[in-house]
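Below, read A as the first sequence line, B as the second, and so on, with proteins coming before strands; counting in each chain starts at 1. Predicted model, so just to flag it, every value in this text is computed and none were measured.
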Amino acid sequence: MTDTRKITVTVNGKSHTKEVPTRLLLSDFLRHELLLTGTHVGCEHGVCGACTVLIDGRSARSCLTLAVQANGHEVMTVEGIAPNADELHHLQQAMQDHHGLQCGYCTPGILTTLFELLRDNPDPSEHEVRSAISGNLCRCTGYQGIVEAALDAAQKMRAGARS
Amino acid sequence: MSNPVADLKNISGEPQIGKAIKRLEDPALLTGKGRFVDDFHLPNMLHAAFVRSDEAHAKINGIDKSMAKAVPGVHAVYTLADLPKRFHNMRMHGMPNPHVSQNIMPYVLAKDEVCHVGEPIAIVIAYDRYIAEDAAALVMVDYEPLPTAGDCRAARQPGAALAHMNSPNNTAAEMHFGYGDVDAAFKNAAHIVREDLFMHRGLGHSIEGRACLCHYDEFTDHLTVYAASQGPHAHKRAICGLLDWDEERVRVVAYDVGGGFGPKMSFYAETIVASVASIMLKRPVKWIEDRREHFNAATQERDQYWDVEMALDAEGKILGLRIDMTHDKGAFMPHGTILPHISCTTVPGPFIIPAYKIDCHVMLTNKPPVAPVRGAGRPQAVFAMERIMDAAAAKLGLDRAEIRKRNLIPAEAMPYSMGLTFRDGKPLTYDSGNYPQLLKQVMEASDYNGFEARKAEALKQGRYIGIGIASAIEGTGLGPFEGATVRIGPSGTVTLLTGAAAQGQGHVTTFAQICAEKFGIAPGDVRVVAADTAVIANGTGTFASRQAVNAGSSTHLAAIQVREKVLQIASFILEASPGDIELAGGNAIVKGTDKKISFKDISRAVTGQSGYALPKGIEPGLESTRYFSPEQAAYSSNTHIAEVEVDIETGGVKVTGYWIAHDCGVVINPLVVQGQVQGGLAHGIGNALLEWMHYDPDTCQPLTTTLADYLLPTADMVPKAEISHVVSPSPLNPIGVKGAGEGGTIPAPAAIISAIEHALSPFGVHLTQAPVPPHHLVDHINKGRKKAH
Ligand code: FES
Ligand code: FES
């Protein structure tokens with residue numbers, strides 16, 4: 001029989017306790033156990049970045065992480081970025097403004113990656129943005145709109161912090 | 001055909017076509033509320049995994065399912081023999097075509113022979129995907145390996161190993177196109193140039209793989225398939241055909257699809273097998289492709305060899321073009337010969353070619369089936385044409401831009417008939433365009449004329465920079481048709497229903513724009529339901545950059561018709577002439593008065609009341625369905641200029657500048673078009689520099705089956721494309737649009753590789769293949785260095 005463990009994981013501020021198979025991937029735990037389907041899976045081998053979430057504030061590939069490894073930790077997913085149900089985060093708004101997404105499949109991983117970048121580096125250069133997302137594959141946009149969105153969001157967030 | 005400008009003048013609200021409206025799709029996708037296939041969780045749902053061939057070519061002598069079936073949580077393991085009898089001798093449906101001598105399609109699961117690694121052999125259905133995959137690994141297949149046909153040129157040789165054991169040879173089709181007296185052109189030529197080219201084109205690699213959730217409901221005797229599909233209606237027809245079910249029992253719906261790029265237009269065995277499994281088990285069955293399966297079992301593009309000869313007069317005018325081309329079709333024939341057909345007819349591009357002849361050999365090999373990927377055979381054709389143009393320029397001592405100028409079709413010559421038949425079966429006639437203007441515009445934008453000075457300066461600093469040009473003409477907006485229904489129900493909401501599926505192209509926004517302006521409302525007020533076979537009877541699918549033309553025009557026509565009816569009813573109720581009524585804010589208003597009636601009340605008036613008659617002459621409902629069917633392709637055009645810098649030690653290439661002059665006719669939403677072109681460029685950069693699906697030459701085993709081996713372009717290597725537009729509206733549709741989905745991709749490999757060759761001119765490097773990975777360039781540079789010594 002499949003080996004299972006009881007884990008408690010805080011996701012977007014909400015605590016979940018579940019009995020899960022030890023081999024269950026964190027990506028599948030989020031998507032199919034908690035039904036937080038915003039986190040996407042593109043390659044399941046750690047290259048595309050679509051599955052990127054923040055674990056204790058650090059970006060991680062949820063397809064290369066076991067759910068049991070997240071036991072006792074805090075996970076943030078794309079569902080946790082917006083301040084509330086009716087409002088978009090600056091980063092999300094900028095992605096719409098600059099056409100930073102087309103099919104939207106890579107988008108959750110891009111958002112979590114940029115969320116981390118802008119938290120740690122509120123005034124990144126274009127080069128820094130590009131290298132931050134160089135581990136996220138997007139087949140649709142050619143990246144330009146994403147880069148512009150990140151720079152625009154950074155600027156608005158800095159202005160917001162000042163005001 | 002109605003005049004686009006006249007129609008647009010007639011609308012009462014603010015025009016929406018041409019506005020950079022922010023996409024209506026985005027808020028849901030940005031907050032994790034997309035509805036991709038794997039996001040659906042149905043009660044009682046089971047999960048599928050496929051057993052796939054490990055061998056590129058083998059006889060199957062037996063399949064042992066016993067171990068797999070014994071795994072707890074496994075519900076079923078089906079091979080072909082376990083499926084209903086109907087499937088035992090039935091192959092997937094191919095595309096009939098007179099060119100094709102061996103139109104071989106697979107069985108839905110392999111019968112007694114496998115012809116490429118990844119071919120599905122059995123399906124395992126289990127409680128979850130983990131168990132299904134465990135059990136799939138326990139299905140034992142007894143293979144008897146057979147020789148493999150790998151390289152498509154070698155597959156043409158007499159005595160070559162056969163891709164299918166019962167075939168007489170590997171030729172699937174011989175195709176011949178041309179016009180004019182080519183032999184005379186070569187006899188009279190002042191110059192003849194030759195190139196022997198190899199092009200490898202890679203895979204689609206949407207970030208979401210293929211996926212389907214097949215739900216047979218016993219209670220209603222109905223099958224719903226949620227699919228990551230570019231063509232829900234086409235796929236529904238395939239399912240109905242294979243099951244022999246009538247159309248009312250099947251629905252295919254594609255809500256959010258995570259990229260398409262061609263491969264999701266193909267209809268696959270996995271979808272029908274998962275559907276049959278759902279019918280047999282009477283439970284929903286979900287199948288989610290993993291990346292390795294995408295490498296091995298999704299349709300892909302691959303190899304073409306081109307032998308190209310061009311005849312020119314003393315001034316550098318083209319007299320004739322003669323080509324022999326070999327195309328790798330893979331193991332089966334999905335989409336028939338569409339791809340090589342497009343390649344063969346795309347070659348002449350924007351140039352006047354008085355005589356043209358191409359012989360094309362379509363070969364079966366033991367690799368996954370080949371079918372269109374974004375650009376669909378055109379990048380290869382453009383590469384062939386532009387490489388031979390560069391060779392001609394070098395031979396005649398002309399600048400590369402100059403020789404192109406001398407041969408471009410002038411704007412006055414439109415519509416221009418090529419003397420060829422395009423894949424839509426219609427004579428290849430360019431409907432509109434201004435190619436000299438495209439070249440002029442992009443040369444100015446990139447300061448092409450100042451480049452030699454910049455290059456000399458860079459060389460002094462030991463930097464190797466180069467510039468390249470390439471153009472493409474692309475038949476877009478192909479038929480047969482797409483449809484749209486526009487409806488206003490008693491809620492007063494304007495609803496737009498279409499079969500057109502989107503995989504990121506922003507259709508909801510674009511079509512809402514076209515619709516909204518007819519009713520004086522904002523695009524966000526239109527409810528768009530797309531890509532669902534339940535909302536409209538007929539549809540085709542999203543490929544060949546066709547939906548702005550087809551679904552866009554249908555939306556336009558249907559909206560105008562409903563608008564007219566709204567005006568008619570309003571004029572009856574408000575006792576005013578239709579010409580005095582304007583539509584705004586969901587109301588019909590008598591201009592300059594406060595007399596008005598809401599869409600809600602207008603709709604109720606034509607819905608009627610039980611038992612009472614409608615006013616005389618009024619048809620019930622506010623609704624129109626229109627199917628736009630273009631008479632032929634609308635030809636988009638574009639010219640690219642690439643600037644690169646090459647590191648001569650590592651062979652690394654940086655694309656340092658990129659300019660595109662682009663003509664897709666009327667631009668509906670500049671934001672969306674810009675995104676399509678920029679995204680297309682990224683794909684083209686991959687094709688020029690990175691993307692190569694490698695196979696072992698002897699065994700046809702795939703060697704690049706992760707995204708760490710097969711590289712896609714990343715954010716640090718795709719520059720911003722500086723895009724400028726030339727707008728020559730197509731006369732072939734009421735809104736004057738032409739497709740924009742592939743123009744960013746098609747000429748990019750040709751432009752970039754020309755630029756690399758130019759950068760490496762100090763080493764006398766001559767490049768004849770795409771892509772050009774770093775080690776390939778280093779070999780060339782080293783050879784050039786040796787020659788110099
Ligand atoms: S799915 Fe995790 S990196 Fe691709
Ligand atoms: S938007 Fe489609 S993969 Fe990035």
Can you tell which part of A/Leu137 gets under 4.5 Å to a heavy atom of chain B, answering side chain, backbone, both or neither? both
Residues A/Asp28 and B/Arg129 bridged, charged N to O under 4.0 Å: no
Check whether A/Glu126 gets within reach of chain B through its side chain, its backbone, both or neither, counting any heavy atom under 4.5 Å. neither
Quick one: what part of B/Lys33 sits under 4.5 Å from any heavy atom of chain A, side chain, backbone, both or neither? neither
Which pair of heavy atoms, one from A/Arg31 and one from B/Asp38, lies closest together, and at what distance? NH2-O, 3.0 Å
B/Gln503 side chain to A/Cys103 main-chain N or O, any donor-acceptor pair under 3.5 Å? no
Supply the atom-to-atom distance B/His683 NE2 to A/Cys140 SG, rounded to the nearest 0.5 angstrom. 10.5 Å
Find the one option among A/Gly104, A/Pro21, A/Cys138, A/Gly42 whose heavy-atom pairs under 4.5 Å with chain B are most numerous. A/Gly42
Side chain, backbone, both or neither: which part of B/Ile207 has a non-hydrogen atom closer than 4.5 Å to chain A? both
Exceeds 12 heavy-atom contacts within 6.0 angstrom, atom NZ of B/Lys654: no
Side chain / backbone / both / neither for A/Ser134 at chain B, heavy atoms under 4.5 Å: both
Can you tell me which of A/Ile133, A/Leu101, A/Leu88, A/Val41 forms the most heavy-atom pairs within a distance under 4.5 Å of chain B? A/Leu101
Which portion of B/Asp134 sits near chain A, non-hydrogen atoms under 4.5 angstrom: side chain
Any donor-acceptor pair under 3.5 Å from A/Gln92 side chain to B/Leu30 backbone: yes
Of all of B/Val672, B/Asp290, B/Asp256, which one pairs up most often with chain A through heavy atoms under 4.5 Å apart? B/Val672
Measure A/Ile81 against the heavy atoms of chain B and call it side chain, backbone, both or neither at under 4.5 Å. neither
Less than 4.5 Å to any heavy atom of chain B: does that hold for the side chain of A/His32, its backbone, both, or neither? both
Any sub-3.5 Å donor-acceptor pair from A/Arg130's side-chain atoms to B/Val718's backbone N or O? yes
Honestly, the part of B/Tyr130 sitting under 4.5 Å from a heavy atom of chain A is both
Is there a donor-acceptor pair closer than 3.5 Å between any side-chain N or O of A/Gln102 and the backbone N or O of B/Gln505? no
If one checks every heavy atom of B/Ile131 against chain A at 4.5 Å, the contacting part turns out to be both
Count the heavy-atom pairs under 4.5 Å between each of A/Ile110, A/Val147, A/Leu24 and chain B, then report the option with the highest count. A/Leu24
What verdict does the side-chain hydrogen bond (donor to acceptor under 3.5 Å, both in side chains) test give for B/Arg291 and A/His45, after you've listed the backbone C-alpha separation in whole Å, the side-chain angles of each residue and the deciding distance to 0.1 Å? CA-CA 8 Å; B/Arg291 190 54 51 180; A/His45 55 245; over 6 Å; no
Taking every non-hydrogen pair under 4.5 Å, which of A/Leu35, A/Thr39, A/Asn136, A/Thr37 racks up the most with chain B? A/Thr37
Scanning both residues in full, the closest heavy-atom pair of B/Leu707 with A/Cys48 reads CD1-CB, 4.3 Å
Looking only at non-hydrogen atoms, find the nearest pair between A/His40 and B/Phe36 and report the distance. CE1-CE1, 3.4 Å
At a heavy-atom separation under 4.5 Å, does B/Gln674 approach chain A through its side chain, its backbone, both, or neither? neither
Can you say whether B/Asp128 sits under 4.5 Å from chain A via the side chain, the backbone, both, or neither, judging by heavy atoms? neither
If one checks every heavy atom of A/Leu91 against chain B at 4.5 Å, the contacting part turns out to be neither
Quick one: do B/Arg23 and A/Asp97 make a salt bridge, cutoff under 4.0 Å? no
Could you look at B/His205 and say if it's the side chain, the backbone, both or neither that has a heavy atom under 4.5 Å from chain A? both
Chain B contacts, top residue of A/Arg23, A/Gln93, A/His89, A/Glu148 (heavy-atom pairs, under 4.5 Å): A/Arg23
Who among B/Gly675, B/Gly506, B/Ala682 has the most heavy-atom pairs with chain A under 4.5 Å? B/Gly675
A/Tyr143 side chain to B/Asp716 side chain, donor-acceptor N/O pair below 3.5 angstrom: no
Proximity breakdown for A/Ile146 and chain B, heavy-atom pairs closer than 4.5 Å: neither
Using non-hydrogen atoms and a 4.5 Å limit, figure out which bit of A/Gln96 sits close to chain B: side chain, backbone, both or neither. both
For the pair A/Arg139 (side chain) and B/Ser206 (backbone), establish whether a donor and an acceptor sit closer than 3.5 Å, ignoring hydrogens and angles. no
